[in-house]
Amino acid sequence: MNRASRPRLLLRRLHTVMAGSGSGQQRLDKVVVEIARNMVAEVCSVYLLRSNNWLELYATEGLKKKAVHKTGLKVGEGLVGLIAEHGIPLNLPEASEHPKFVYLPETGEEIFHSLMGVPIVRNGEVVGVLVVQNATQRHYTGEELEALQTVAMVLAELVGSGQLVKLEDLPSGQKKKQNQMALMGRKFADGLARGSIVFHEPKIEIVNLVAEDVGQEKRRLQDALLAMREQLDQMMSAADIRHKGEHHEIFEAYKMFAYDRGWQEKITEAINSGLTAEAAVERVLQNLRSQMAKTRDPYLKERLADLEDLSNRLIRIILGFSGAHAHHELVEDAIVVAKTMGPAELLDYKRRYLKGIVLQEGSSSAHVSIVARALSIPMIGRVGSDLDEISEGDPAIIDAEVGRVIIRPSKEAVKTYNSSLDVRRTLAAEYEAQKDLPSVTRDGISIELMMNAGLVIDLPNLEVVGASGIGLFRTEFQFMVSSTLPKMDVQTDLYSKVLDAAGDKPVIFRTLDIGGDKPVPFIAQDDEENPAMGWRAIRLLLDRPVLLRYQLRALLAAAEGRELNVMFPMVAELSEFIAARKIVDRELQRFDKLGKLAPLTVKVGCMLEVPSLAWQLEALLEEADFLSIGTNDLMQFFFASDRSNPRTCDRYDLLSPAVLGFLKGVADAAAKAGKPLTICGEMGGHPLEAMALLAVGVRRFSMAAPAIGPVRMLIRSINLEKLKTDMEPYLQTRDHSLRSWLENYAKENSFPV
Ligand code: PEP
Ligand code: MG
C-alpha cells in the first residue's frame, strides 16, 4: 500500500463503520481498532471531554479495556490534557521524557514509548483527544500526523451527532451553549420580541466528509478556486482598481490568500488523505485556527478573519451555492441575525414570522433600519462579531429599548420579558387612547402629525395611530422588492390603494429615490465609491426621464378627481427642481389632451436633503408648493458624515446648535413664504428631537407610524411659546450639542421624552 492511499483507506473504513449498525459506543470501539491497525500502532485511544474539564477515556485499543469510562485526566493534566488545553497536536518518540507526562497505572501504558495525539475539534472547541501509541520509540511522520488530524475531524462529527455524549453532558464551550447569554448593541427599531435564531447567511454544514473519488475532489477544488479568483478579480476591477483605498488593500489581502500556493497545497494534501474538497478546506482552516488561537497580534487576527471568509466563500462555491444569500424561508417566529442587510432583503422575509433583527453592523438611519421601523420590527445593530456561541434555532428575546438580545433566555428572563410586554401594552393603550385627540400644545398651537409609509401593509396604521395623512410615501420600496420594473398599471394600482386608504387625508408621494444605497435590480449601476452622493434619486430620474414620466402617469391616473401631492428627492439645485416640475406639467397637459380625468389639484414639492439647496431657498419657495426636510440624508451631507458607517453616523449630534440654527432658518423662510414645511426624516420621530424642532418653528411632521403616539403625547404636554423662549439663547451655545439641556428641561417640566 502506498503512503497516500493508507489514510484514504482508513477514512473509507471509518466511513463504513460510522454508517453501519450498532450504538455510538460500539462504533467508536470499532473505530479505534481500525485506526490502530491502519497506523500500525499498538494503542489507539479516544478521550472525550465531559463536564468539569474531565477527559474521559471513551474507547481504546491496546490499553486495558476495564479502564474505559473509569479513568481519564483533567484538561491541562498529562499529555492528553495538554493537547486538549492548547488544542495542539503532540508527536513524541519518548513520551515519558515530556515534563507533562503522567503515568496512569490502570491503563497499563507504561510499556509504550511513543505517542502521537491530536485534539478533536468541533465548532472551534476541543471536545476530545485522539491518541496513538507504540511500544518502540517511533518517529511518526508529518503525513501520519496529518492523517490522524483528518480522522479526528471525522470523529468530531460522531461526537456532534450526539450518539456518544448526550448534549447536556457536553462540557465547557459546547455546554455553554445551553446557558443564557446576552448581546449588547444599539436600538435601530424599537420593540420587544421573542423567536428562534435564524442566520441570514447560514453557516454551511459540511455533511460529506469522506471522498468517493480523490481525483474528482481535486477537480472540484480547482474549479472552485478558479471561480473564486474570478469573483475576486471582478470585485476588484469593478469596485476599487481605480481608487487605491482601504477596500483595495482588503481585496489585495484576499487575493494574496486566494492565489497562495501553500494554502492550495495544504487543501490538496487534505484531499489526498481522503477528505472531500469542502471538508479539506474546513480542515485546513481548523488547523490554522488552532495555530493562531493564542495570537494577540491584531494584524494576524485580521488575516485569519480574511481566511475564514475566503474559506467559507470557497466552500459555498464548491457546494454550488450562488453568491447570493441562501435565504431561509421562515416557518416560525424568528429573530434573524445578519452581518448587514439591505432593505430589499428584509422585505424578502415572511413578515408574519419575522419578529426581530440583529445586525452585527449597520446604523440607525440606514434604509434597512427605516424599513424595520416602518414595519415595527424590533432591530438591534452593532452587536459586534462574536457570535460563536449562538446557534441556529436558539431561543432569543430582543429588547430593542435597552439594545439587548438575550440568547437562550432563562425562566427569569422570560418572566421579565412578559412583564415588559405588559408595560408596553399599557403604554400602547395610552397612545391608543390619545390617538384621536388633537395634537395641540398646552398653549394651543396645533401640530400636524403625519406618517411615513412605503408598502400596502403600512396603510392600516393611518387609523391605528391616528395620523393626519401620509407625509412621505416612499414609492421606491415597491421597486426594490420587484425583480422587474413594475408595470404602469401595477404602479397605478398601488397608488390608488394608498389614496383609497387615506380617504380625505393628504398623501405626499415621493418620486423614486433609487440608486445609491437603494439599488434596484433592473437598473445597471456602476459601483460607486460614494453611492449616497452618486447617481441616485432626481439625478437618475432626470437622466432617465422615461422612468419619471411613467411614474407620474401612474400617479395622475391613480389620483383622478382627487388631490395629488408629489415631491422630488435629493434635489441639489433649483434648476433640477424646475426641470422635474416641467415634466410634471407636461404630463398633466398630456393627460388633459387625452381627455382623462385629472386630479383635482396637483401640488409639487421639494425635499431638502442636500445643503446646497438651502442657499436658493427663497427662490425655491417661490417655485415649490411645499418643502419637506429629509433629515436622514440632509444631516449626512450637512456634517459630511456617512449615515451608514458605524464609525461616523453618531459622531455629530442632530441637536447641535449648528443643526438647530440651520433648521430654524429654513422654518422661518418657509413661514415667511407661506409654504408648508414638513420634517420627514427620522429625527422628528424621537420625542426629544421633536421638542427641539418644535422650538425652532417646525409645525408639521411625518414619521414612522409607531413614533406618532409618543410624539403626540409630548406635544400635548408642552408649552411651546415658553419652550421656544427658554431655548432661544442656547442656540448660540458653543457646545457640541443641546441634548443635555433639552433632557434636563424635559425632566424638570415632566415632558414624556
Ligand atoms: C431622508 O433622507 O430623511 C428621507 C426621508 O429620505 P430617505 O430616508 O428615504 O432617504
Ligand atoms: Mg433621503
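We count ligands from 1, going down the list as the structure has it; atoms in each ligand are counted the same way.
Looking at atom 7 (P) of ligand 1, its nearest protein heavy atom turns out to be His367 NE2, 3.4 Å. The protein atom (non-hydrogen) at minimum distance from atom 6 (O) of ligand 1 is Arg510 NH1, 2.9 Å.
A donor-acceptor contact under 3.5 angstrom links the side chains of Glu563 and Asn565, judged on distance only. No hydrogens or angles considered: a donor-acceptor pair under 3.5 Å links the side chains of Gln551 and Tyr495. Side-chain contact annotation: Asn452 with Ser702, donor-acceptor N/O pair under 3.5 Å present.
Every atom of ligand 1 with a heavy atom of Leu472 under 4.0 Å away is listed here by number and element: 5 (C). Every atom of ligand 1 is numbered from 1 in the order shown, and the set under 4.0 Å from a heavy atom of Cys680 is 5 (C).
Residue-level proximity to ligand 1 for Asp513 is carried by the side chain, the only part with a heavy atom below 4.0 angstrom.
Less than 6.0 angstrom separates the ring centroid of His200 from the ring centroid of Tyr349.
Heavy atoms of Glu682 come nearer than 4.0 angstrom to ligand 1 in no pair at all.
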Between Asp650 and Arg382, is the salt bridge (charged side-chain N to carboxylate O under 4.0 Å, His left out) condition met? List the steps. CA-CA 12 Å; Asp650 284 339; Arg382 296 206 241 148; 3.2 Å; yes
Give the C-alpha distance, both sets of side-chain angles, the deciding distance and a yes or no for side chain to side chain contact (heavy atoms under 4.5 Å, CB included) between Arg581 and Asp625. CA-CA 11 Å; Arg581 178 157 204 161; Asp625 298 317; 3.1 Å; yes
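Taking only nitrogen or oxygen atoms, main chain and side chain alike, Gly681 does not reach within less than 3.5 Å of ligand 1.
Centred on the Mg ion (ligand 2), the OE2 atom of Glu609 and the OD2 atom of Asp633 lie at an angle of 100°, reported to 10°.
Distances from atom 1 (C) of ligand 1 to the heavy atoms of Arg536, Met570, Glu609, Met607 put Glu609 nearest. When the options Asn632, Leu608, Leu634 are ranked by their closest heavy atom to atom 3 (O) of ligand 1, first place goes to Asn632.
Of all non-hydrogen atoms in Arg539 and Ala572, the two that sit nearest each other are NH2-CB, 4.2 Å.
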